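Structure first, then comments.
Since we're looking at a predicted model, the values are computed, not measured. Throughout, a chain's letter reflects where its sequence line sits, starting with A, and its residues are numbered from 1.
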There are 2 protein chains.
Amino acid sequence: MSVSSEDLQGLSLDLYSASRLLIQSFQNLLNEIPLTYPQFLVMRVLWERDGLYVNQIGEKLHLDSGTLTPLLKKLEAHNFVKRIRSEKDERKVKIELTFPGKSLQKKTQDVLSQLEPIFETLDEKSISSLNTSLKDLLDHLNPKSK
Amino acid sequence: MSVSSEDLQGLSLDLYSASRLLIQSFQNLLNEIPLTYPQFLVMRVLWERDGLYVNQIGEKLHLDSGTLTPLLKKLEAHNFVKRIRSEKDERKVKIELTFPGKSLQKKTQDVLSQLEPIFETLDEKSISSLNTSLKDLLDHLNPKSK
DNA sequence: TAAAATTAAATTGTATCAAATCATAATTTC
DNA sequence: GAAATTATGATTTGATACAATTTAATTTTA
């Protein structure tokens, strides 16, 4: 007994809704900071490891350059990152944090910690079970896992 | 012991990635049909119940008129739906399927049934557990559940 | 019942996303 | 080893997503 098309359609709709609703929760808080949710994701990657190339950021977030290029230009316009075209291979663009970009980390973490109380009433088992089965699904869908 | 901000950030990133990857799987199949994923969602709602108003579709999919108005105009341009302004209340626009719009249902279902084999290797328990915890999260996030 | 409040959809502006395109580099083929 | 092919990285393009504003119509209320 396998999954039906109906099951998959329902699953994808719920994932889609939940993803958008959860992003909205983040976005409401992030409004205090000049970052959108995807921009925050990119900054989070860079805070962990600075000086990545565009494609490396894309791999970590499953985003392609068509999404990242305008986003990174926006982050550059805010002076949070520098875009440096590689001299060795001019196809590549390296992304480096500026001082203001680095400074944003603490403020962002403080703001986002405000989300926690909102989720206090949500069963922790439910969260960890969601996490586990999401990882399964991601492994299954991830092109790299071939 | 409650959820930490890190937990929530990881959860939201996984939801976001899984949602986009699963939508891509649908989109790849839907390419055979002149529908994008959000357009398909709207058609699915209408196949289940024809003649809904714009706001009713928006409630079912958590989408607002800024998203739906252009999308519905696109579906109308493809001659899959008719947009009919209500005579009783001229603020409302009713959406009705055309014959081509109705005919699309079977073809779409046939195409999407091709997804099932791809998920055969995925544990069904994992899917149903994902479904359950997603519903929990949706209830928690859904503004209506206040 | 006229003014105020509410409601529904459309419009506007900003920001994603993914597919197609473009440009450059690496590889193959002869 | 030059031309053709393939691969790779980024940019452009078309279609959402959503907040904020506007327009128009209905309902409330004083």
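Only at 4.0 angstrom or more do the heavy atoms of residues 46-56 of chain B sit from any atom of DNA chain D, so none qualifies.
When heavy atoms are screened at a 4.0 angstrom cut-off, B/Asn31 is found touching no nucleic acid atom at all. B/Leu63 comes within contact range of the sugar-phosphate backbone alone, with a heavy-atom separation under 4.0 Å but no base atom that close. Contacts of B/Lys94 with the nucleic acid, taken as non-hydrogen atoms under 4.0 Å apart, are absent.
Residue B/Arg20 places at least one side-chain N or O closer than 4.0 Å to OP1 or OP2 of C/dA18. Distances shorter than 4.0 Å separate some side-chain N or O of A/Tyr16 from OP1 or OP2 on D/dA17. Regarding contacts with the backbone of C/dA10, a side-chain N or O of B/Arg83 is found under 4.0 angstrom from either OP1 or OP2. Here A/Arg85 reaches the OP1 or OP2 of D/dT11: one of its side-chain N or O atoms lies under 4.0 Å away. Residue B/Gln27 places none of its side-chain N or O atoms closer than 4.0 Å to OP1 or OP2 of C/dA19.
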Can you check nucleotides 11-15 of chain C for protein contacts, nitrogen or oxygen pairs under 3.5 Å, and list what you find?
unit_1: C/dT11; atom_1: OP2; unit_2: B/Lys73; atom_2: NZ; d: 2.9
unit_1: C/dA15; atom_1: OP2; unit_2: A/Lys74; atom_2: NZ; d: 2.5

Polar-atom pairs under 3.5 Å, protein N or O versus N or O of nucleotides 3-7 of chain D: list them with distances, or write none.
none

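Taking atom CD1 on A/Ile84 and atom P on D/dA10, their separation rounds to 13 Å, with Å as the unit. One interatomic measurement links the two molecules: CD1 of B/Ile57 to P of D/dT16, which rounds to 14 Å at whole-angstrom precision. In this structure, CD1 of A/Ile23 is placed 8 Å from P of D/dC18, rounded to the nearest angstrom. Between B/Leu72 atom CG and C/dA8 atom P there is a gap of 16 Å when expressed in whole angstrom units. Rounding to whole angstrom units, CG of residue B/Asn28 and C1' of C/dA19 are separated by 10 Å. One can place CG of B/Asp89 at 7 Å from P of D/dT27, the figure rounded to the nearest angstrom. Taking atom CG on A/Asp64 and atom P on C/dA19, their separation rounds to 8 Å, with Å as the unit. The separation between A/Lys88 atom NZ and D/dG9 atom P is 14 Å, rounded to whole Å.
Taking 4.5 Å as the limit, some side-chain heavy atom of B/Leu130 sits within range of a side-chain heavy atom of A/Leu130. A/Leu63 places none of its side-chain heavy atoms less than 4.5 Å from the side chain of A/Ile57. In this structure the side chain of B/Phe119 reaches within 4.5 angstrom of the side chain of A/Leu141, judged on heavy atoms.
The pair B/Lys135-B/Asp139 does not meet the salt-bridge criterion, since no charged nitrogen lies less than 4.0 angstrom from a carboxylate oxygen.
Heavy atoms only, all atoms of each residue included: B/Leu97 and B/Asp50 are closest at N-OD1, 2.9 Å.
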For residues 16-23 of chain A, which side-chain donor-acceptor pairs fall under 3.5 Å, sequence neighbours excluded?
unit_1: A/Ser17; atom_1: OG; unit_2: A/Leu13; atom_2: O; d: 3.1
unit_1: A/Arg20; atom_1: NH1; unit_2: B/His62; atom_2: O; d: 3.0
unit_1: A/Arg20; atom_1: NH2; unit_2: B/Leu61; atom_2: O; d: 3.0

List the atom pairs, with distances to 0.1 Å, where a side-chain N or O of residues 29-46 of chain B and a protein N or O form a donor-acceptor pair under 3.5 Å, not counting sequence neighbours.
unit_1: B/Thr36; atom_1: OG1; unit_2: B/Gln39; atom_2: N; d: 3.4
unit_1: B/Tyr37; atom_1: OH; unit_2: A/Ser12; atom_2: OG; d: 2.5
unit_1: B/Gln39; atom_1: OE1; unit_2: B/Thr36; atom_2: N; d: 3.1
unit_1: B/Arg44; atom_1: NH1; unit_2: A/Gln9; atom_2: OE1; d: 3.1

Just list the side-chain donor-acceptor pairs under 3.5 Å for residues 67-77 of chain A, sequence neighbours left out, or say none.
unit_1: A/Thr69; atom_1: OG1; unit_2: A/Ser65; atom_2: O; d: 3.0
unit_1: A/Glu76; atom_1: OE2; unit_2: A/Arg83; atom_2: N; d: 3.2

- prompt: Can you list the steps and then say if B/Glu116 with A/Ser5 is a side-chain contact (heavy atoms from CB on, under 4.5 Å)?
  reply: CA-CA 6 Å; B/Glu116 296 173 28; A/Ser5 175; 3.2 Å; yes
field: Derivation and outcome, side-chain contact (heavy atoms from CB on, under 4.5 Å), residues A/Leu11 and B/Leu134
entry: CA-CA 9 Å; A/Leu11 181 67; B/Leu134 261 183; 4.1 Å; yes
side-chain contact (heavy atoms from CB on, under 4.5 Å) between A/Leu112 and A/Thr108, worked out: CA-CA 6 Å; A/Leu112 288 184; A/Thr108 303; 4.1 Å; yes
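Side-chain heavy atoms closer than 4.5 Å link hydrophobic residues (I, L, V, M, F, W, Y) into clusters, and following such links, even through other members, never connects B/Phe80 to B/Tyr53.
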